[in-house]
Structures are given as structure tokens and as C-alpha cells.
Amino acid sequence: MPLYNLACKAVLDNDQRQRIAEVITRTHCELTGAPSQFVNVAFMEGFPLRKDEFLNVIGGVRIGGNRNVELTTNLQETMQNNIASAANVSVSAVRVTLIGVPANWNMEGGRVLPEPGAEDEWLDRIEQDLGTL
Amino acid sequence: MRKILCTIHEGQISKPQIHELEAMIKRVYRDRINNEQPLFVVWTEMPSGQGFTEAKPSRVSWVMVEVDDHFDQQKRESAMKAISDEWARIAKVSTGNLMLTLCDKSLFSHNSQAFRQRITPGARLSYKLKLLTHLIVTKLRHGYFAMKANY
């Protein structure tokens, strides 16, 4: 978590996917402070999206902790702008929906995910358990 | 019925492992979550180059399990730990190679609805038919239900 699922009208090439995955990862981490090891991106292509959409993004993200409404709104808008730029399409051709999931409904590395903002101690424990995640 | 969605990456988990993982998840579900609900497990194999973690080709499987609303948190964590440990054993990976969510039914439905609504209304019926056909064909051919990552 997060897992950003992108449905795209077209089939993208590897460079486009890499560019978009990088911008999603960077945007999410810069705005939320989450470690980049958490960020997952899945591309699903050739989908019959709505008429004016080229990319439809559904992001499952942790809620609670330091994630307030302002941060979530900012994340959604900035993600939309940055993905559009990386995909070289207009902002209106990208739709982003964020779905909040309580952190303690998730497990990675055999440990329940921490509340947003409390990742440092969690990562230390994981590294003791597994080495680098 | 409760649904379990398993997303893996091309070439990382074999068909025998898929069967064993599915049997394990169902067993843990019956033992620790609910032994009355029928379970519907669907697998998606992401083609190479379409799954990323930390902006690199992903080696993390993503699994979402539907549970009753307001499911007891202690039981949730116990079930997640059991699935996580067994997944690592069967798939011969680290627990760091699994992202697992045990999601209340209402949020699971909300998530599913968002996925459905992204399809333009005029294509939803054909999408459903295509999906159903693929589910049936894969069940007959491989013994488990699978959906395609791409349309």
C-alpha cells in the first residue's frame, strides 16, 4: 500500500510506463512522506474508458495518522497533474480516485502496516526481520 | 459469497503454486475468518513490464481478501499473519514479497464499484461477458478462475 491501478485506453510502451510509475512514486512520497518501498503501480491497458478519459487511476492509500482531508485532496490533484504531464496528455484526460484503507487492515513484510507518519520504527523492525524491504 | 483477488506477476508463481496458495487461503479463511461463506478466488497475472514497486519491476504479489464489516481486528491480524507466512513458504519468497489487505465488505464493494464504473457505460455489458468467458475458460483449463490484466 499504496497500490495505484491505472486503466489506459491505449497500450503504452515501456518508457511511458516507467515514466508514469516514477512520477506516481515520487508524487506520493513527496506529498505524504511515505517510503518509496511501499508504492505499487499496476497498468491495465486497452480499456474502453469514458469518452474524454485516456487514463483512469484508482489509488488505494492508507488513511488515518497524519493524512487529513487537505493532504488527500492535494495528493489527488497533484497526482492528476503529474500523471498527465508524464503521459503527455491534457489534465482533463486523467481521472484520479483515491480510496482510503485503514492502515491496520494491511500487512507487508509479515507486519501490520503503521499509521501514516509512523513508518520509521516500522521500517527498522522490518529491516531487522528481513533485511531491506 | 466473499471474494479474494490475487494479483501476481508473469513468471513469478507457477500453476501448481497457484493451486496450493488458493487452497491455503481458503483453509485459513475457513479456520480463522468465516467457515460459512462460499469463497470466490480470482487470479490476475500482470504481464511483464506492467507492475511496479518503487518504480522498478515488481516482485510483490497483491492480495485483497473480503471480510465481514467490523471484522474483529485481532482476528484480522491473526489471519493476515497466517496467510503471509504460508504464502512465503509456498511461493518460496520472503514475506516482503506480499502486500495483503483484509478489507471490510463495504469498502471492498466500493472499490469494486470504482473499477466497474471506469468502463464507459456502453461497453460494460461486453466487458462483463468477456470477463465471465475468461473466468470460465481458465477454470476449465487450469482449475482456477483468472482474469486478464488487459482488455
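On a predicted model such as this, the values are computed, not experimentally measured, just so you know. We name chains A, B, ... by the order of the sequence lines, and we start the count at 1 in each one.
- Heavy atoms closer than 4.5 Å to chain B are found in the backbone of A/Leu6, but not in its side chain.
- For a residue to count as touching a neighbouring chain, one of its non-hydrogen atoms must lie under 4.5 Å from one of that chain's; by this rule B/Met46 touches chain A with the side chain only.
- For the set B/Phe71, B/Phe115, B/Trp62, the count of heavy-atom pairs under 4.5 angstrom toward chain A peaks at B/Trp62.
- Counting heavy-atom pairs closer than 4.5 Å to chain B, the top residue among A/Asn14, A/Leu3, A/Ile24, A/Val41 is A/Val41.
- Ranked by non-hydrogen atom pairs under 4.5 Å with chain B, the options A/Ala42, A/Gly46, A/Pro48, A/Gly110 are led by A/Pro48.
- Taking the side chain as every heavy atom from C-beta outward, B/Asp85 and B/Thr95 approach each other to under 4.5 Å.
- Of the listed residues B/Asn111, B/Thr44, B/Asp104, B/Ile119, the one with more heavy-atom pairs under 4.5 angstrom with chain A than any other is B/Asp104.
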>> Run the side chain to side chain donor-acceptor pair (under 3.5 Å) test on A/Glu53 and A/Asn56 for me, step by step, so that the C-alpha distance in whole Å, both residues' side-chain angles and the decisive distance to 0.1 Å come before the verdict.
In response: CA-CA 7 Å; A/Glu53 283 178 16; A/Asn56 185 298; 3.0 Å; yes
> Where do B/Arg118 and A/Asn5 land on the side chain to side chain donor-acceptor pair (under 3.5 Å) test, with the steps shown first?
Replying inline: CA-CA 11 Å; B/Arg118 63 166 52 168; A/Asn5 182 294; 2.9 Å; yes
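- In this structure, the portion of B/Pro121 lying under 4.5 Å from any heavy atom of chain A is its side chain and not its backbone.
- Contact of A/Thr25 with chain B is made through the side chain alone, with heavy-atom distances under 4.5 Å.
- Ring pair B/Tyr127/B/Tyr151 is parallel by interplanar angle, where below 30° counts as parallel and above 60° as perpendicular.
- Between A/Phe43 and A/Ile20 the shortest side-chain heavy-atom distance falls below 4.5 Å.
- In this structure, the portion of B/Gln73 lying under 4.5 Å from any heavy atom of chain A is its side chain and not its backbone.
- At least one side-chain heavy atom of A/Leu123 sits less than 4.5 Å from a side-chain heavy atom of A/Gln37.
- Both the backbone and the side chain of B/Thr101 come within less than 4.5 Å of a heavy atom of chain A.
- The shortest distance between side-chain heavy atoms of B/Arg2 and B/Phe40 does not fall below 4.5 Å.
- Put simply, the side chain of B/Val67 does not reach to within 4.5 Å of the side chain of B/Lys105, judged on heavy atoms.
- In this structure, chain B has heavy atoms under 4.5 Å from both the backbone and the side chain of A/Val101.
- Between A/Tyr4 and A/Val61 the shortest side-chain heavy-atom distance falls below 4.5 Å.
- In this structure, chain A has a heavy atom under 4.5 Å from the side chain of B/Leu107, while its backbone stays farther away.
- Only the side chain of A/Ile99 comes within contact range of chain B, with heavy atoms under 4.5 Å apart.
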